[in-house]
Amino acid sequence: MADCYSQAREKIYSGHDEDPNKHTTADGQEVPYETHYARKMESYLEKRAPAASEVLRLAVCGQHFRRWEVPRQDFAMNKIGYHSWRTHLKKRQAQQVSDILKGCGYGDADVSRCIALIEKEGLKQGEEEVQVLEDVACLVFLDDQFDEFKDKHDEDKIVTILKKTWVKMSRDGQDLALQIPMTDECKALVQKALAS
């Protein structure tokens, strides 16, 4: 299946590369944001589950596939609207990425599995691969998005979000989270969330 995997990953990255939103890397290069995000996701998957299956690797890589095409403001700017947006995105991204897998020669079982992973089916029931994907997403948030996120919200909201993020992770995910280099300000907020 190696050829199928390489083809599918390449097609997913071709989609990411069309993201008009840019991210500036540590060495000053500008890359499409979703390309950067997928690289981060893959990097944390290597730390969290180096023996991950091909389908889990592709689901992790494509978790935010073409997300920029559905802006948050297209949904009501309240809690219900936020959850509707997230649900819509999960289903859309799962369908698009699974279509890529199908087009690259993966069978029905792998295609269905990819949909289940991106839609996070079985997360609350402790489904191992879905938990790995959730851990990786939380780790990328803490490593790559938290510093910017904290500047946009008051401390109470930040601490609440950190608590919710922490309980979503497995013990292995939490152990990796504690190794993420952070500014003193971010560390203090994490410590406050874990202590409360």
Contacts of type side-chain contact (heavy atoms from CB on, under 4.5 Å), residue Asp74, not counting sequence neighbours
Pro71
Measuring from atom CD of Gln179 to atom CG of Asp143, what distance do you get when rounded to the nearest 0.5 angstrom?
11.5 Å
Side chains of Leu176 and Asp135: closer than 4.5 Å at any heavy-atom pair?
no
Side-chain contact, heavy-atom cut-off 4.5 Å: Leu194 with Leu178?
yes
Working for side-chain contact (heavy atoms from CB on, under 4.5 Å), residues Val97 and Cys114:
CA-CA 8 Å; Val97 175; Cys114 178; 3.7 Å; yes
I'd like to know if Glu42 and Arg9 make a salt bridge, using a cut-off of under 4.0 Å between side-chain N and carboxylate O.
yes
Other residues, nucleotides and ligands only: do more than 12 of their heavy atoms fall within 6.0 Å of NZ on Lys40?
yes
Measuring from Asp184:CG to Leu189:CG, what's the distance to the nearest 0.5 Å?
11.0 Å
Just do the side chain to side chain donor-acceptor pair (under 3.5 Å) check on Asp144 and His23 with the steps written out, would you?
CA-CA 11 Å; Asp144 199 53; His23 172 84; 4.8 Å; no
Quick check on Asn78: does its CG atom have over 12 non-hydrogen neighbours (other residues, nucleotides or ligands) under 6.0 Å away?
yes
Does Val167 reach the side chain of Lys163, with side-chain heavy atoms less than 4.5 Å apart?
no
Excluding sequence neighbours, so at least two apart, what forms side chain to side chain donor-acceptor pair (under 3.5 Å) with Glu34?
none
With sequence neighbours excluded, give me every salt bridge (Lys or Arg N to Asp or Glu O under 4.0 Å) pair touching residues 86-97.
Glu69-Arg92, Lys91-Glu119
Can any side-chain N or O of Ser43 pair as donor or acceptor with the backbone N or O of Arg39 at less than 3.5 Å?
no
In chain order, what residues pass the side-chain contact (heavy atoms from CB on, under 4.5 Å) check against Lys157, with sequence neighbours excluded?
His153, Asp154, Ile161
Can you measure from CD (Glu30) to OG1 (Thr24) and round to the nearest 0.5 angstrom?
5.0 Å
Measuring from atom CG of Leu101 to atom CD of Gln96, what distance do you get when rounded to the nearest 0.5 angstrom?
13.0 Å
side-chain contact (heavy atoms from CB on, under 4.5 Å), that's the test. Do Ser170 and Arg48 meet it? Break it down for me.
CA-CA 10 Å; Ser170 68; Arg48 173 64 180 82; 3.3 Å; yes
Answer whether the closest heavy-atom distance between the side chains of Tyr106 and Ile100 falls below 4.5 Å.
no
Counting N and O atoms only, with roles assigned by atom type, does the side chain of Ser6 sit under 3.5 Å from a partner on the main chain of Asp3, one being a donor and the other an acceptor?
no
Do Val31 and Val140 share a hydrophobic cluster (ILVMFWY, side-chain heavy atoms under 4.5 Å, transitive)?
no
Just wondering, do Phe146 and Thr165 contact through their side chains at under 4.5 Å, heavy atoms?
no
Please list all pairs passing the ring pair (Phe, Tyr, Trp, His ring centres under 6.0 Å) test where one or both residues lie in residues 123-145, with sequence neighbours left out.
Phe141-Phe149
Under the rule for side-chain contact (heavy atoms from CB on, under 4.5 Å), what residues qualify as partners of Glu10, not counting sequence neighbours?
none
Shortest non-hydrogen pair, Ile12 vs Leu58, comes out as CD1-O, 3.8 Å
Checking Glu134 now: which residues fulfil side-chain contact (heavy atoms from CB on, under 4.5 Å) with it, not counting sequence neighbours?
Lys120, Leu123, Gln131, Cys138, Lys168
Any Met182 side-chain heavy atom under 4.5 Å of Val190 side chain
yes
When you look at Leu142 and Leu162, which way does the side-chain contact (heavy atoms from CB on, under 4.5 Å) test go after all the steps?
CA-CA 9 Å; Leu142 290 169; Leu162 285 171; 3.6 Å; yes
Just verifying a value: how many Å separate Leu139 CG and Gln174 CD, rounded to the nearest 0.5 Å?
10.0 Å
Tell me, please, which residues at least two apart from Phe65 pass ring pair (Phe, Tyr, Trp, His ring centres under 6.0 Å).
His16
Heavy-atom side-chain proximity of Ser53 to Glu129 below 4.5 angstrom:
yes
Pairwise ring pair (Phe, Tyr, Trp, His ring centres under 6.0 Å) hits with a residue in residues 167-196, at least two apart:
none
Within residues 187-196 or reaching into it, pairs that qualify as salt bridge (Lys or Arg N to Asp or Glu O under 4.0 Å) - sequence neighbours excluded:
Glu155-Lys192
Is any side-chain heavy atom of Met41 closer than 4.5 Å to one of Cys61?
no
Can you list the other members of the hydrophobic cluster that holds Phe75, where links are side-chain heavy atoms under 4.5 angstrom apart?
Val70, Tyr82, Trp85, Leu89
Joint cluster assignment, Ile180 & Val60, ILVMFWY side-chain distance < 4.5 Å:
yes
Linking I/L/V/M/F/W/Y whenever any side-chain heavy atoms sit under 4.5 Å apart, do Ile118 and Tyr5 land together?
yes
Test: salt bridge (Lys or Arg N to Asp or Glu O under 4.0 Å). Region: residues 12-29. Which pairs qualify, not counting sequence neighbours?
Glu18-Arg66
Got a salt bridge between Glu46 and Arg57, using NZ or NE/NH1/NH2 to carboxylate O under 4.0 Å?
yes
Please round to the nearest 0.5 Å and tell me the distance separating atom CG of Leu133 and atom CG of Leu117.
6.5 Å
Return yes if a side-chain donor-acceptor contact under 3.5 Å exists between Tyr37 and Gln145, otherwise no.
no
